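Inspection log for the structure reproduced underneath, given as structure tokens.
Model, not experiment: these values are computed from the prediction.
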Amino acid sequence: MTKILLVGLPKSGTSSFQYLFQVLGMKSYHWDYRHGKKIGTIMKENKENNRKLLEGIEDWDCITQMDVCWSNSENYWPQISDLERLYEENKDCIFILNRRAPEKILTSWKNWGKMDERLYRFNPELIEQKNDEGLLKWFENHFETVETFFTKTNRDSKFISFDIEKDSIEKLKKYIDIKEFKSFPKKNVSVNKKKN
């Protein structure tokens, strides 16, 4: 089975993809790995120790959220900081850019543990303009960077750009057997709006 990596942003359907892949019988990880260890933390440690980014993360078919932005030590966005390396080390994978309207991502980020403020605090080097306008531009820039990387620079890659609110699940059929699914599942919708 070909492995799948999501390279979009949090609050852009990662939980829905996680649900979809699990129902399809895949071993999928979303943010957490094992024993409370975050996938992004493992990847950051691998980078710091000159190992492959996904080394030590075993027995997986899909990773639906790999970034972590939790503290001064747990703060790494591999799909932004190391997209090229991630691809070079995993060329056989299916890469999915999970997309959503930037304004909706912004609202979700503000409501989900103040993720916007965490980015500014723990990864200030990633974003120059630390306000709503800058963050919206940052989202758009990430989408454009990923699209360009896969569709122009690495045309042989297995890549799908998928807008969770606009695209039909049929789009995933290019590389994934979606079995009986007729529509993209919606999970974790506005569940934790007041989480701090």
Side-chain angles (χ1 to χ4, degrees), residues 4-23 28-33 36-44 62-71 74-83 86 94-147 149-150 159-169 171-172 181 183-196:
I4 301 168
L5 291 169
L6 263 63
V7 289
L9 298 167
K11 308 309 295 175
S12 302
T14 57
S15 295
S16 299
F17 271 107
Q18 176 73 0
Y19 171 81
L20 172 65
F21 295 150
Q22 287 181 331
V23 171
S28 189
Y29 289 100
H30 178 262
W31 198 58
D32 276 316
Y33 182 52
K37 195 105 178 192
K38 307 291 178 271
I39 291 169
T41 303
I42 296 169
M43 294 177 76
K44 183 180 181 184
C62 319
I63 295 176
T64 54
Q65 187 174 337
M66 64 181 73
D67 48 78
V68 64
C69 189
W70 198 247
S71 68
E74 293 188 286
N75 53 31
Y76 180 45
W77 298 78
Q79 75 273 39
I80 293 170
S81 302
D82 290 296
L83 180 64
L86 190 65
I94 297 164
F95 290 86
I96 299 176
L97 173 61
N98 46 306
R99 297 185 61 142
R100 186 183 183 199
E103 296 78 11
K104 292 185 178 180
I105 300 174
L106 179 63
T107 299
S108 290
W109 274 37
K110 286 177 174 294
N111 292 329
W112 190 264
K114 299 179 181 176
M115 194 159 195
D116 55 333
E117 294 177 20
R118 281 188 277 140
L119 176 70
Y120 306 151
R121 181 177 176 187
F122 302 129
N123 290 105
E125 75 284 357
L126 292 181
I127 183 166
E128 187 174 332
Q129 188 180 344
K130 295 170 179 59
N131 56 31
D132 290 359
E133 183 183 350
L135 198 52
L136 289 170
K137 289 177 183 175
W138 191 77
F139 295 154
E140 288 284 7
N141 183 62
H142 178 62
F143 296 154
E144 185 178 331
T145 298
V146 174
E147 293 266 7
F149 178 81
F150 284 106
F159 173 70
I160 301 171
S161 179
F162 190 87
D163 187 311
I164 63 165
E165 294 171 330
K166 295 179 180 177
D167 287 333
S168 164
I169 196 169
K171 193 172 187 181
L172 300 177
F181 276 92
S183 61
F184 186 69
K186 305 286 186 185
K187 295 293 174 182
N188 204 23
V189 178
S190 302
V191 172
N192 289 300
K193 279 195 169 180
K194 295 185 180 178
K195 185 175 179 181
N196 290 318

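- To the nearest 0.5 angstrom, Leu135 atom CG is 9.0 Å from Leu9 atom CG.
- Contact check for Asn98 versus Phe162: no side-chain heavy atoms found under the 4.5 Å cut-off.
- Proximity of His142 to Gln79: side-chain heavy atoms (C-beta onward) are separated by under 4.5 Å at one or more points.
- A salt bridge between Asp32 and Lys38 is present, with a side-chain N of the basic residue lying under 4.0 Å from a carboxylate O of the acidic one.
- Scanning both residues, Asp67 and Pro10, for their nearest heavy atoms gives OD1-CG, 3.2 Å.
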Inset, instruction - Starting from the C-alpha separation in whole Å, work towards a yes-or-no answer on side-chain contact (heavy atoms from CB on, under 4.5 Å) for Ile94 and Phe159. - result: CA-CA 6 Å; Ile94 297 164; Phe159 173 70; over 6 Å; no
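- Under the 3.5 Å distance criterion, the side-chain polar atoms of Thr145 are matched with a main-chain donor or acceptor of Asn141.
- For Trp31 and Trp112, the gap between ring centers reaches or exceeds 6.0 Å.
- The pair Glu147-Arg99 meets the salt-bridge criterion, since a charged nitrogen lies less than 4.0 angstrom from a carboxylate oxygen.
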Inset, instruction - In sequence, state the C-alpha distance, the side-chain angles, and the governing distance for Lys130 and Asp116, and then conclude on salt bridge (charged side-chain N to carboxylate O under 4.0 Å, His left out). - result: CA-CA 9 Å; Lys130 295 170 179 59; Asp116 55 333; over 6 Å; no
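- There is no side-chain donor-acceptor pair under 3.5 Å between Gln22 and Ser28.
- Taking 4.5 Å as the limit, some side-chain heavy atom of Leu172 sits within range of a side-chain heavy atom of Ile160.
- Neither side chain, Trp70 nor Asn75, offers a donor N or O lying under 3.5 Å from an acceptor on the other.
- Judged by distance alone, the side chain of Asp82 and the main-chain N or O of Pro78 form no donor-acceptor pair under 3.5 Å.
- Between atom CD1 of residue Ile39 and atom CD1 of residue Ile42 there is a gap of 7.0 Å, rounded to the nearest 0.5 Å.
- The minimum heavy-atom distance linking Asn123 with Cys69 is given by the pair OD1-SG, 3.7 Å.
- For the pair Phe149/Leu97, no side-chain contact is recorded, criterion being any heavy-atom separation below 4.5 Å from C-beta on.
- Taking the six-membered ring for Trp, Phe17 and Phe21 have ring centres closer than 6.0 Å.
- Formation of a donor-acceptor pair under 3.5 Å by the Thr64 side chain with backbone atoms of Leu6 is not found in this model.
- The two atoms that bring Phe95 and Leu86 nearest to each other are CZ-O, 4.2 Å, heavy atoms only.
- Judged by distance alone, the side chains of Tyr120 and Asn131 never bring a donor and an acceptor atom under 3.5 Å apart.
- Contact record, Leu136 with Glu103: CD2-N, 3.7 Å, taken as the closest heavy-atom pair.
- Side chains of Phe150 and Leu83 form a contact here, defined as non-hydrogen atoms less than 4.5 Å apart.
- Considering every non-hydrogen atom in both Pro185 and Leu20, the closest pair reads CG-CB, 3.9 Å.
- By the 4.0 Å N-to-carboxylate-O rule, Lys137 lies close enough to Glu133 to be salt-bridged with it.
- Atom CZ in Arg118 sits 10.0 Å away from atom OG in Ser71 (nearest 0.5 Å).
- No side-chain N or O of Lys11 forms a donor-acceptor pair with one of Asn111 less than 3.5 Å apart.
- Expressed to the nearest 0.5 Å, how far CD of Glu74 lies from CZ of Phe122 amounts to 10.0 Å.
- A distance-only check finds a donor-acceptor pair linking the side chain of Lys171 to the backbone of Ser161 [under 3.5 Å].
- Counting heavy atoms from C-beta on, the side chains of Lys187 and Gln18 never come closer than 4.5 Å.
- Between Ser81 and Tyr76 the shortest heavy-atom distance is CB-CE1, 4.2 Å.
- Put simply, the side chain of Ser16 reaches to within 4.5 Å of the side chain of Phe184, judged on heavy atoms.
- For the residue pair Ser108/Arg100, the side-chain donor-acceptor check at 3.5 Å is satisfied.
- Counting heavy atoms from C-beta outward, Leu119 and Trp109 have side chains that approach closer than 4.5 Å.
- Residue Glu125 qualifies as enclosed at atom CD: its count of foreign heavy atoms under 6.0 Å is above 12.
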